[in-house]
Amino acid sequence: MISEAAAIAEQEKLREQIITTDQLPDPIRYIAGTDVEYDKASDLIAGSIVVLDAETLDIVEIATHCMQVTFPYIPGLFSFREMPPLLAAWEKLTQKPDLLICDGQGIAHPRRFGMASHLGISIGKPTIGCGKTKLYGHYTDLDIRKGSIAPLLAEDDVAIIGNVLRTQEGINPVFVSVGHMISLETATNIVLNLAKQYRLPETTRIADHYGRLALEEFKRNNSI
DNA sequence: GCGACAG
DNA sequence: ATCTTGTCGC
């Protein structure tokens, strides 16, 4: 297994490749949600990528992959844990999406290289980081109303590394950041538009659902 | 030494 | 992530 030091060196190297401007295809036709489910008892994880029609949000394709965990959970090195099952699921996909929304941070990370950026660089596709909680940075004055945003600032108090976005009035916000090949503004708008009814974008909710199903089915088929 | 710490 | 019902509040 890759060492912690090697993982950090890898992040420092790959972060150079991140593109923080919009490089999206003209009409975005397919968007995808990614998520990884865990089974504490068996150490199994399931990577899940669900492709949706960007216009109707109808499900176009579902790809999942179950395997044993290969890396411990270390804040800041999270992608090394979730990348293996996601890349395996990615290989199974027939219809590759134009954009992926990941369950975790993009550049809102101590070394500016969270899970969404790592995945985006690895597969060469635009990605958005959308985490349920904060990993890094600080913010103030986030209004209670839906659609409100507060910039997520780095230690220097100057660099904006993401947006804290209130997707539903009075409900805990989500943390949006650039993964790869997209601007923060576009990423924020897309996440808000995908969270019409719930706190999390529809892509994440659907990926979570099918990842859960895949993990349960895998356990059943293998008597775990 | 004391918090913070994606899933 | 996961362990997990009722309960406090709008």
Side-chain angles (χ1 to χ4, degrees), chain A residues 4 7-8 10-11 14-15 18 33-49 64-89 100-122 127-140 144-146 152-155 157 161-180 184 187-188 191 199-201 203-216 218-219 224:
Chain A
E4 191 167 332
I8 291 175
E10 178 85 349
Q11 294 182 322
L14 294 178
R15 57 181 283 182
I18 297 174
T34 78
D35 192 28
V36 175
E37 302 295 325
Y38 294 77
D39 185 59
K40 185 188 180 186
S42 63
D43 250 13
L44 282 174
I45 55 179
S48 167
I49 302 178
T64 59
H65 185 81
C66 298
M67 61 183 286
Q68 292 288 134
V69 291
T70 59
F71 200 88
Y73 170 65
I74 301 172
L77 295 180
F78 180 55
S79 64
F80 290 87
R81 184 172 171 81
E82 301 211 333
M83 197 67 81
L86 286 178
L87 288 179
L100 299 93
I101 292 137
C102 307
D103 185 25
Q105 318 296 330
I107 62 173
H109 176 282
R111 286 175 295 281
R112 307 291 189 278
F113 200 73
M115 147 79 203
S117 297
H118 199 161
L119 183 63
I121 293 295
S122 297
T127 57
I128 293 174
C130 180
K132 293 183 284 292
T133 58
K134 177 173 70 74
L135 164 66
Y136 183 74
H138 61 277
Y139 67 98
T140 54
I144 191 176
R145 287 170 297 180
K146 175 175 185 157
L152 185 61
L153 306 172
E155 291 298 288
D157 258 28
I161 56 177
N163 270 162
V164 186
L165 171 67
R166 188 89 69 183
T167 55
Q168 296 297 325
E169 179 168 339
I171 302 293
N172 287 161
V174 295
F175 298 77
V176 181
S177 58
V178 170
H180 185 41
L184 178 59
T188 303
V191 170
R199 177 195 176 212
L200 299 179
T203 39
T204 299
R205 290 168 42 78
I206 296 175
D208 176 275
H209 177 72
Y210 286 100
R212 189 85 255 161
L213 289 184
L215 191 54
E216 293 306 323
F218 186 89
K219 287 166 64 181
I224 295 178

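Chain letters run A, B, ... following the sequence lines, proteins first, then strands; residues in each count from 1.
Side chain to side chain, A:N163 and A:T188 meet the donor-acceptor criterion of an N or O pair below 3.5 Å.
Residues passing the side-chain contact (heavy atoms from CB on, under 4.5 Å) test with A:L213, sequence neighbours excluded: A:H209, A:Y210. Legend: residues meeting side-chain contact (heavy atoms from CB on, under 4.5 Å) with A:D39, ordered by chain and number and at least two apart, are A:A41, A:S42, A:L44, A:L215, A:K219. Evaluation of the ring-ring contact (aromatic ring centres under 6.0 Å, His included) rule for A:F113 yields A:H118 as partners, not counting sequence neighbours. Under the salt bridge (charged side-chain N to carboxylate O under 4.0 Å, His left out) criterion, A:E37 pairs with A:R212, not counting sequence neighbours. Every residue meeting the side-chain contact (heavy atoms from CB on, under 4.5 Å) condition with A:P85, not counting sequence neighbours, appears here in chain and number order: A:V36, A:I45, A:M67. Considering only residues two or more places apart in sequence or on other chains, A:T34 meets the side-chain contact (heavy atoms from CB on, under 4.5 Å) condition with A:I49, A:L86, A:L100, A:C102, A:M115, A:L119.
Per the geometry, NE2 belonging to A:H109 stands 13 Å off P belonging to B:dG7, to the nearest Å. For A:L44 and C:dA1, the CG to P distance is 17 Å, given to the nearest whole Å. Rounded to an integer number of Å, the gap from A:I171 CD1 to C:dC10 C1' is 11 Å. C:dT2 atom C1' lies 13 Å from atom CG of A:D208, rounded to whole Å. Protein atom CZ of A:F78 is 3 Å distant from nucleotide atom C1' of B:dG7, rounded to whole Å. Atom CD1 in A:I144 sits roughly 11 Å away from atom P in C:dC10 (whole-Å rounding).
Taking a pair as Watson-Crick or G-U wobble with both distances under 3.5 Å, DNA chain B forms no stem of 3 or more consecutive pairs.
Remark: the backbone N or O of A:I74 is not paired with any side-chain donor or acceptor of A:R81 at under 3.5 angstrom.
A heavy-atom distance below 4.5 Å is found between the side chains of A:I107 and A:S117.
The side-chain hydrogen bond (donor to acceptor under 3.5 Å, both in side chains) pairs that include a residue from residues 102-113 of chain A are A:Q11-A:R111, A:D103-A:K132, where partners are two or more places apart or lie in different chains. Residue pairs meeting the side-chain hydrogen bond (donor to acceptor under 3.5 Å, both in side chains) criterion with at least one member in residues 165-177 of chain A, sequence neighbours excluded, do not occur.
Here A:D103 lies in heavy-atom contact (under 4.0 Å) with sugar-phosphate atoms only. Counting non-hydrogen atoms under 4.0 angstrom, A:G131 reaches the backbone sugars and phosphates but no base. Contacts of A:G129 with the nucleic acid, taken as non-hydrogen atoms under 4.0 Å apart, are absent. Within the 4.0 angstrom heavy-atom criterion, base atoms lie near A:L77.
Distance check: A:T203 OG1 to A:R205 CZ gives 10.5 Å after rounding to the nearest 0.5 Å. A:F71 CZ to A:L77 CG: the interatomic distance, rounded to the nearest 0.5 Å, is 5.0 Å. Here NE2 of A:H180 is found 8.0 Å from CD1 of A:I18. Values are rounded to the nearest 0.5 Å.
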When Watson-Crick pairs (N1 to N3 and N6-O4 or O6-N4) and G-U wobble pairs (N1-O2 and O6-N3) count only below 3.5 Å on both distances, what is the dot-bracket string of DNA chain C, with | for other-strand pairs? ..........
Quick one: which protein N/O atoms are closer than 3.5 Å to N/O atoms of nucleotides 3-9 of chain C? Pair and distance per line, please.
none

Nucleotides 2-5 of chain B: which of its N/O atoms have a protein N/O under 3.5 Å away?
residue : atom : partner : partner atom : Å
B:dC5   : OP1  : A:K134  : NZ           : 3.2

